[in-house]
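Just the heavy atoms: all of them, side chains too, but no hydrogens, waters or symmetry mates, feed the values below.
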Amino acid sequence: MTNPLLSADGLPAFDQIRPEHVAPAIEVLLQAADEALELAVGPDVPAHYDAVSAVLDTAGERLRFVWGAIGHLNAVADTPALRAAFTEALPKVTEQSSRHAADERLYAKYKAIAEAADSSLSPARRRALGNAMRDFVLAGAELQGEAKQRFQRVQELQAELAQKFSEHVLDATDGYAYYASADELVGVPADAREAAASAAAAEGQTGHKVTLHFPSYFPVMQYAHNRALRERLYVANATRASDLGPPEKDNSSVMRELLSLRQEEARLLGYPSYADVSLVPKMATSPKQVTDFLRDLARRARPHALQDLQELREFARTELGIDDLQAWDLPFASEKLKEARYAFSDHEVKQYFTEPKVLEGLFRIIETLFEVTIRPDSAPVWHPSVRFFRIERPITGSADGGAELVGQFYLDPYARPGKRPGAWMDDVRGRWARPEGRLQTPVAQLVCNFTPPLPGRAALLSHDDVTTLFHEFGHGLHHMLTQVDDIGVAGISGVEWDAVELPSQFMENFCWEWDVVKRLTSHVDTGAPLPRELFDRMLAAKNFQSGLQTLRQVEFALFDMRLHAEPGSEDRIAEVLEEVRNEVSVFKPPALNRFQHSFSHIFAGGYSAGYYSYKWAEVLSADAWSAFEETAHDGGVLNVATGRRYRQAVLEAGGSRPAMESFKAFRGREPSIDALLRHQGMA
């Protein structure tokens, strides 16, 4: 049998990979990586950066590439057989990764490289070497005996538990459906009703199938007049993967064990808490600095949030007849208040954002601002709705108008069963000047969960969907436009986690510029662009409830940081969340709310003791965007000179230097919170 995981040349053969290919491929690649380690630490490989990299990175990159393809399919095309194959391989991959990362012989060789490092090493390579030395320590390379063995076991257990957490959330989401009658869906937009009716009919059911996947769930919460239906769905969503649902999907013990293991990891490394470990490679220097930042933001936002809530309660009472505003009323009442105040609805706006027009406009912005070209490309894909593109840059001085390949990306836009909720960017491979002399160009995966199109029609995106798409493309551009050739610090690799959201949040700003938005829109029926008058109302509503939204993000971030900064928190998860809500929230959800049980960002998504990064990086991105506001001209904010400076200082530099250095190279100074407060209407 030819194994597509082992025969892939350049790009994964996503259309050929089957669950039975996983185990034999991983066995071969793990063995090859172990052999590479033994060669690298032996006498035949000198203590020289290039020599060690040629041996280790070649085998390691091949394993990472294949394991990444398997993990990606597990996230976007989950089946029982694939999940079983992934789960079986996960402990083996984790064990080897932990063992290699803490190998004393390899650590000693890197120490020798660092001691002998001279001025001939490029700044990027010195950065990569410094990161490697830091990571050896964080991986337990300086531990001995039983402590080292236990540390490696802790890593394996954490990987298994994070996977279990993610599976429980996906299964709880996929496992719920409610078949609503037409009467129950009064108020819900026609396209959402049609999609629900089609989903029910596809199963031979009557009525309208409503699920907990966001494109199905949220239109009902936002528009359904039936309060009992909203409550039913809210309760189902808020109790996912918890003690209030099926025991086999309950994440209660998973959370406790994960937190306990993370604190044990910190103790083994000699840190007071896991939060301290998590912050070592980040911009923030201590848990206190983070909590001070969050509490200061909460203090500034609180008056605005209280006003937001007072207005909403008064409107719900006088206009909607809701005297006791509940959590399941918030999206509905907020949408009705926004319609009353600004005379438009999200559904009205959605008719103008057809997916083909949005993509065309997004690509034009990227091409104009960053001086590249985006073209359709071909590659094997995992689902018929997935598309593939290439990014090229004109070759300077080329007489025939030639272009060089910069990067490629997959776009997987729609929600479906077996696909993890949310939106994300992941890398297939990074930019790398390979030892054999070939340049490996970067490839990204951009994944969203938008409502699929109805037959014969273009998919419609809400303005929030458009913002999400721009956000993920920001991550993708950070990964693909890098000009760094050292794989450890190219693109998003080596970038501090609390700075990695800078390019993504930066891109969101384009969604609020008239000169941009008018090129993104074409009414699904008439083809007319979004009227300027409607955009002005959207702009007036831009900071609608920004105080409440800011406090919500602070609540999540402070809860995350406290969980990981306070040893013993694993026994009082609900209590910590309650304390945080008492401190910063102005509207508390009902006691049945089990938000923490599906908080995948911190329990399965790499944001443990790092969720604050969204607000931290928002300070950076708002200030970076100010540079485009300052250089705007008659054509709007698409100033090519400013775009070139941003591309060169931030996107192309990747992780080759500290994020603060990249920011200052672009802005000429350190960031200020003023721009963020101004953009959110709180200054």
Geometric class of the Y611/Y614 ring pair [parallel <30°, tilted 30-60°, perpendicular >60°]: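 Ring orientation, 0 to 90° scale: tilted.
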F666 and Y646 aromatic ring geometry - parallel, tilted or perpendicular at 30°/60° bounds: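 Rings of Y646 and F666: perpendicular, as their planes differ by over 60°.
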Sequence neighbours excluded - ring pair (Phe, Tyr, Trp, His ring centres under 6.0 Å) pairs with any residue from residues 131-163: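 Matches after skipping sequence neighbours: Y107-F136, Y110-F136.
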Under 3.5 Å donor-acceptor, [X] side chain and [Y] backbone:
X	Y	value
D486	A124	no
R594	S242	no
R667	D623	yes
S621	E618	yes

Test item: V619 and F293 side chains (from C-beta on) under 4.5 Å apart, heavy atoms: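 The answer is yes; the side chains approach within 4.5 Å.
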P421 and F214, any side-chain heavy atoms less than 4.5 Å apart: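 The answer is no, as the side chains (C-beta and beyond) never meet within the 4.5 Å cut-off.
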Pairs flagged by salt bridge (charged side-chain N to carboxylate O under 4.0 Å, His left out) wherever residues 503-512 is involved - sequence neighbours left out: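 The answer is none; no pair qualifies.
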Matching residue for Q445 among E472, H72, H479 - test: side chain to side chain donor-acceptor pair (under 3.5 Å): H72
is_close_aromatic(Y612, W497), centroid dist under 6.0 Å: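 Y612 vs W497: aromatic centres not under 6.0 Å.
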